[in-house]
Undergrad: 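Okay, here's the structure, questions in a sec.
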Amino acid sequence: MTIEFKLPELGENIESGDVVAVHVSPGDTVAKDQTIFELETDKAVLEIPSPAAGKVVELRASVGDEIKVGQVVMILDDSQGHQPADDPDPEPEPAPEPAPEPEQNETAESEPAPEPEEEPAPAPEQLQAPDPQPAASPPAAPSPGYGGTVPAGPAARRLAREIGVDIASVRGSGPNGRITEADVKAAARSRQAPAPQPGASAPAASQSTPAASAAPVASDDPYAQWGDVRRESMSRVRRSTASAMAQAWADIPHVTHYDEADITDLERQRKALAQEVADAGGKLTMTAILLKTAALALNEFPKMKASIDVDNNELVYKDYVHIGVAVDTERGLLVPVIRNVDEKDIVEIAVELNQLAAAARTGKVEIAQMRGACFTITNLGGIGGTNFSPLINPPEVAILGVSRGVMKPVYQDGSFTPRLMMPFSLSYDHRVIDGADAARFCRWMAVTLENPLRLLIRDSDTHF
C-alpha cells in the first residue's frame with residue numbers, strides 16, 4: 001500500500017522550513033529512518049527521516065522549496081515491507097534497482113570538526129576559477145535538480161539555486177571534492193563568457209541576453225544604476241537574526257559598560273593546563289574560562305540573569321545558570337546553550353563547548369540546544385578588535401562581549417610592566433540594570449580573572 005508522508009512537528013513554534021538537500025529520488029528503495037530531506041529552520045538544519053521502508057513513488061518537495069508542517073512531501077509504497085521474505089509470488093514484479101546506501105550528511109561528515117568558538121574565523125574565500133573541465137567527461141548521472149548526492153554545504157547549494165547554476169556540473173575545490181561558494185561563483189562566470197564560434201561575428205545584444213546573467217537584476221533596481229549588482233535571498237538564519245536584533249534594538253534601552261582584565265597569569269596557566277583538558281576531549285579556551293567565571297558572577301548578581309515581564313510589571317529571577325555562546329557558522333550566527341554552567345568544572349565546560357560549537361558549525365545542533373539561556377557570551381578575540389557593543393538577545397537582559405587581548409605597559413610597584421590586558425564589554429537592559437550594577441559585575445569578573453584561584457571559591461564574599 002502507499003503512504004502519504006506528511007512533514008511532522010519540528011518543534012515549538014516551528015511551522016515550516018526550507019529544503020536544503022534531497023537524498024532520494026522517485027524509484028529509490030529506502031529504509032525506515034533513512035534521511036529523506038535536510039530542512040533548514042530558523043536556527044538548525046534538521047534531517048527528516050522516512051517513516052517506513054519502501055519504494056519512493058513520488059517526491060513533492062525539492063531543494064529550495066518551503067514546506068510546512070502537515071504538508072505531504074513524499075508518497076511511499078511500503079507493500080514490499082509487508083510480504084514475507086520466502087513468499088513465492090508466481091508473478092513477481094521486476095526486481096527493483098538495488099537500494100542505494102543511505103546517504104551520509106555531507107555537511108557534517110566530509111570535513112573535520114572545526115576548532116572551538118573563539119578560533120579566528122577563516123578568511124573570506126577567494127573567487128578562483130576552477131580547473132578547466134574536459135568536455136568529454138561531464139559529471140556522471142547527476143541527480144534531479146540540484147541533487148542531494150553532490151558534496152556541497154547548504155550555503156553553496158543555496159547560492160547555486162539562486163543564480164541558476166546546476167550544482168551537479170560544478171567541480172569542487174574543497175576537501176574530497178567538496179563544492180564551495182567560490183566554485184559556484186566561478187562556474188557562473190565561466191558560463192557567462194562562452195567561447196566565440198569560429199568565423200562567427202560577435203552576437204548581437206538580443207542574442208546574448210538569454211541565460212547569460214548569473215544573477216538577473218531588474219533594470220529598475222535602484223542599486224543597479226551605480227554598477228552591476230547581485231541579489232541573494234536571505235537565509236532563514238539571517239532572517240531570524242535580523243528579526244530578533246530589530247526587536248532587541250527597538251524594545252530594549254541598551255547601555256554598554258566597558259572594562260578590561262589583566263589575564264597575564266591566567267593565560268600562562270591556561271597554556272600549562274591545555275594538554276590535560278585536551279586529554280579529556282576538550283580545549284581549554286578563554287571562552288570556557290569565561291563561561292565558568294560568568295556563571296559564578298551571575299549567582300553573585302542574579303539580576304543579570306533575570307527577565308522583565310512588562311505586561312505584569314514583574315522581574316523574573318531564574319534559579320538556573322544556562323549560558324548561550326555565540327558561534328560563527330557559514331549559515332550565520334548561532335547561539336547554542338550550555339546548561340547549569342555553575343555546577344560544572346572547567347574541564348566539563350570545555351568538552352561540552354567543543355562539542356556544541358562543532359555541532360553548530362556542521363548543522364547538527366538541535367533546536368532545543370539553542371533555547372533557555374539567561375545570559376550570552378560572544379567572544380571575538382580570535383578575530384580581533386578592541387571593543388564592541390553586543391546586542392542583547394531577548395528575553396535576556398545582558399550580554400558579555402570579549403575582544404582580543406593585547407600587551408600593554410601597566411604601572412606596578414613603581415615601574416611599567418608589560419601585561420596582557422583583555423578588553424570586554426557588558427551590554428545591559430537599563431530598565432532592569434543600573435549603571436552601578438553593571439560596573440560592579442564587570443569589576444567582579446575582572447578581579448576573578450586576574451586571580452584564577454577565586455574560580456575555586458563558590459561563595460565569594462568579595463563585593464564592590
Side-chain angles (χ1 to χ4, degrees), residues 43 114-125 155 237-238 240-242 244-245 248-249 252 254-264 266-267 270-271 274 282-295 297-298 304 323-338 341 346 349-350 352-354 356-361 365 370 373 375-394 396-408 419-428 438 441-442 445-446 448-450:
K43 287 296 184 182
E115 293 297 319
E117 186 273 331
E118 83 268 47
E119 290 296 321
E125 294 175 346
V237 171
R238 179 54 55 195
S240 176
T241 300
M245 294 300 96
W249 188 252
I252 299 175
H254 282 67
V255 179
T256 303
H257 183 88
Y258 301 94
D259 209 327
E260 62 181 0
D262 183 343
I263 60 168
T264 310
L266 179 62
E267 180 65 8
R270 184 188 72 83
K271 291 180 178 179
K283 186 171 182 180
L284 186 55
T285 62
M286 185 57 66
T287 301
I289 297 171
L290 286 165
L291 277 162
K292 183 62 177 181
T293 309
L298 290 170
M304 293 289 174
I323 301 179
V325 181
V327 178
D328 180 33
T329 78
E330 68 173 10
R331 296 171 50 236
L333 183 68
L334 300 180
V335 187
V337 178
I338 298 181
V341 184
I346 292 180
I349 294 169
E352 189 171 348
L353 174 61
N354 197 37
L356 279 175
R361 291 195 174 101
V365 66
M370 294 186 287
F375 188 80
T376 296
I377 294 177
T378 174
N379 187 351
L380 298 180
I383 301 174
T386 57
N387 257 314
F388 65 104
S389 299
L391 289 184
I392 299 166
N393 186 22
E396 300 163 30
V397 297
I399 180 172
L400 185 73
V402 183
S403 299
R404 182 188 290 274
V406 61
M407 280 291 183
K408 291 184 178 181
R419 306 293 291 180
L420 182 60
M421 305 300 293
M422 183 187 73
F424 62 94
S425 50
L426 179 78
S427 290
Y428 57 93
F441 179 88
C442 290
M445 288 281 298
T448 301
L449 292 170
E450 291 167 359

Undergrad: Minimum heavy-atom separation for Thr378 and Pro390, please, with both atom names.
TA: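 Shortest heavy-atom contact: CG2-CB, 3.9 Å.
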Undergrad: Can you name the closest pair of heavy atoms from Val397 and Met304 and give their distance?
TA: CG2-O, 3.6 Å
Undergrad: With Glu396, which residues qualify under salt bridge (Lys or Arg N to Asp or Glu O under 4.0 Å), at least two apart?
TA: none
Undergrad: Hey, does Met445 have a side-chain heavy atom less than 4.5 Å from the side chain of Leu426?
TA: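 Not in contact.
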Undergrad: I need the minimum non-hydrogen distance between Glu260 and Lys408, along with the two atoms involved.
TA: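 Answer, listing the atom of Glu260 first, then Lys408: OE1-NZ, 3.1 Å.
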Undergrad: Would you give the length of the straight line joining atom CG of Leu334 to atom OG1 of Thr329, rounded to the nearest 0.5 angstrom?
TA: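 With rounding to 0.5 Å, CG (Leu334) is 4.0 Å from OG1 (Thr329).
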Undergrad: Who pairs with Thr293 by side chain to side chain donor-acceptor pair (under 3.5 Å), at least two apart in sequence or on another chain?
TA: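 Counting only residues at least two positions away or on another chain, Thr293 forms no side chain to side chain donor-acceptor pair (under 3.5 Å).
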Undergrad: Should Met286 and Leu266 count as side-chain neighbours, where that means a heavy-atom distance under 4.5 Å?
TA: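 In short, these two side chains touch, coming nearer than 4.5 Å.
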Undergrad: Output yes when a side-chain donor or acceptor of Ser425 lies under 3.5 Å from a complementary backbone atom of Phe388, and no otherwise.
TA: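 A pair under 3.5 Å: yes.
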Undergrad: Quick one, Asp328 with Leu380, criterion side-chain contact (heavy atoms from CB on, under 4.5 Å). Give me CA distance, side-chain angles, the key distance, then yes/no.
TA: CA-CA 10 Å; Asp328 180 33; Leu380 298 180; over 6 Å; no
Undergrad: Within the structure provided, determine whether Ile323 and Leu298 are in side-chain contact (heavy-atom separation under 4.5 Å).
TA: yes
Undergrad: Quick one: are Ile346 and Leu284 in side-chain contact, heavy atoms under 4.5 Å?
TA: yes
Undergrad: Is the shortest side-chain heavy-atom distance between Glu352 and Leu291 below 4.5 Å?
TA: no
Undergrad: Only counting residues at least two apart or in another chain, list the ones meeting side chain to side chain donor-acceptor pair (under 3.5 Å) with Asp259.
TA: Arg443
Undergrad: Taking it one step at a time, do Thr285 and Leu290 satisfy side-chain contact (heavy atoms from CB on, under 4.5 Å)?
TA: CA-CA 9 Å; Thr285 62; Leu290 286 165; over 6 Å; no
Undergrad: Taking all non-hydrogen atoms of both residues into account, name the closest pair between Ile349 and Ala288 and its distance.
TA: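 Minimum heavy-atom separation between Ile349 and Ala288: CG2-O, 3.9 Å.
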Undergrad: List the residues meeting side chain to side chain donor-acceptor pair (under 3.5 Å) with Glu267, not counting sequence neighbours, and say none if there are none.
TA: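 Checked Glu267 against side chain to side chain donor-acceptor pair (under 3.5 Å); matches are Arg270.
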Undergrad: So, do Tyr258 and Ser389 sit near enough that their side-chain heavy atoms are less than 4.5 Å apart?
TA: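 They are in contact (side-chain heavy atoms under 4.5 Å apart), so the answer is yes.
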Undergrad: What is the minimum heavy-atom distance between Leu391 and Ile399, and which atoms define it?
TA: O-CD1, 3.5 Å
Undergrad: Please enumerate all residues that pass ring pair (Phe, Tyr, Trp, His ring centres under 6.0 Å) together with Phe424, with sequence neighbours excluded.
TA: none
Undergrad: Taking His254 for its side chain and Ile252 for its backbone only, find out whether a donor-acceptor pair lies under 3.5 Å.
TA: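 Yes, His254 side chain to Ile252 backbone: donor-acceptor pair under 3.5 Å.
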Undergrad: Taking Thr264 for its side chain and Leu420 for its backbone only, find out whether a donor-acceptor pair lies under 3.5 Å.
TA: yes
Undergrad: Side chain of Ser427, backbone of Ile392: donor and acceptor closer than 3.5 Å?
TA: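 No; zero donor-acceptor contacts below 3.5 Å.
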Undergrad: State, without any angle test, whether Thr287 and Asn379 hold a side-chain donor-acceptor pair at a distance under 3.5 Å.
TA: yes
Undergrad: Which heavy-atom pair separates Ile377 from Ala294 by the least distance, and what is that distance?
TA: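 Heavy atoms of Ile377 and Ala294 come nearest at CD1-CB, 4.0 Å.
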Undergrad: Ser403: what forms a side chain to side chain donor-acceptor pair (under 3.5 Å) with it, not counting sequence neighbours?
TA: none
Undergrad: Verify, without hydrogens or angle tests, whether Arg361 (side chain) and Glu330 (backbone) share a donor-acceptor contact under 3.5 angstrom.
TA: no
Undergrad: Could you measure the distance from the CZ atom of Arg419 to the CG atom of Asp262? Nearest 0.5 Å is fine.
TA: 4.0 Å
Undergrad: Calculate, to the nearest 0.5 Å, the distance between atoms CG and OG1 belonging to Asn393 and Thr241 respectively.
TA: 9.0 Å
